[in-house]
Amino acid sequence: MEKIKRYKAYCLDLDGTVYRGEAPVQEAAQFVSRLQEDGIEAFYVTNNASKTQDQLYEKLKRVGVQADKSRIMSSAVAAAKYIKRWYPGRTVYLIGSDGLKEALDAEGIERVEQQADIVLMGLDLQISYDKLSRACLEVQKGAVFLSTNKDLAFPSEQGFLPGNGSFTAVVSKATDVDPVFIGKPEIHMLEAIQQEWGFEKEDMVMIGDNYDTDIQAGIRFGIDTVHVNTGVTSMDAVMQKDHPATHLLENLGFWKH
Ligand SMILES: [Mg+2]
């Protein structure tokens with residue numbers, strides 16, 4: 001067991017950290033329970049923008065984690081909070097699914113089909129040439145261009161399928177405008193947690209399996225990071241980085257307060 005300092009905000013990645021697909025990572029659920037015994041609710045930080053907070057809450061429940069729903073920070077929730085903070089009262093042309101629609105509704109953000117102030121893109125399984133064209137035209141007319149995450153592909157049973165990053169690239173290439181990405185490795189989700197709950201950075205830690213997204217987000221934001229060897233990036237690969245994670249654990253069962 002590795003002795004690690006106490007934090008107030010434990011920010012856990014989901015896929016590869018708390019579960020793998022539908023399978024639980026047992027040590028993660030036990031870790032969350034141990035925090036709860038100490039009176040601490042974890043935060044859940046995921047680039048997945050297609051699921052609603054309710055759907056992520058139910059999924060966590062299926063893998064044995066009783067989460068505080070208000071502490072589930074998806075890139076959809078973070079995108080809505082980002083718009084509310086930096087562009088209050090502005091309208092959005094949205095490409096995305098239920099997770100994003102619900103997140104915008106929750107912040108009272110108006111969606112429009114044209115003359116939008118902002119174009120926001122997230123994974124949309126009903127993507128079409130018409131939707132992509134509309135996004136391009138709005139961006140050309142000067143709309144702010146936001147995207148939930150830059151993941152080019154995501155794994156499925158059949159193989160890798162195109163992710164939101166690929167469709168965002170279509171609009172970006174066609175308009176020659178770079179979007180602002182909300183998800184990890186950008187800092188916006190961690191910043192939203194800090195803003196909303198009032199934490200000091202030294203009291204926050206980002207925990208995840210993917211060096212290029214989770215650990216990079218923590219490093220860029222300036223908080224401690226914990227890499228777990230239960231998902232994408234191997235521990236050996238992280239050790240060889242110029243900026244490795246603050247702590248490296250085989251899994252969360254090795255975390256001792
Ligand atoms: Mg992950």
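For clarity, every value in this text was computed on a predicted model and none was experimentally measured. Start at 1 and go down the list; that is how both ligands and their atoms are numbered.
- The pair Lys150-Glu186 meets the salt-bridge criterion, with a side-chain N (NZ, NE, NH1 or NH2) lying under 4.0 Å from an Asp/Glu carboxylate O.
- Using a 4.0 Å cut-off between a side-chain N of Lys or Arg and a carboxylate O of Asp or Glu, Arg71 and Glu41 do not qualify as a salt bridge.
- Geometrically, Lys8 does not engage Phe199 in a cation-pi contact, judged by NZ or CZ lying under 6.0 Å from the ring centre and within 45° of the ring axis.
- The Mg ion (ligand 1) lies closest to atom OD1 when only the N/O/S atoms of Asp209 are considered.
- Among the atoms of Asp13, an N, O or S atom is found under 2.8 Å from the Mg ion (ligand 1).
- Sorting the N, O or S atoms of Asp15 by how far they are from the Mg ion (ligand 1) puts O first.
- Salt-bridge annotation for Arg34 and Glu37: absent, with no side-chain N of the basic residue lying under 4.0 Å from a carboxylate O of the acidic one.
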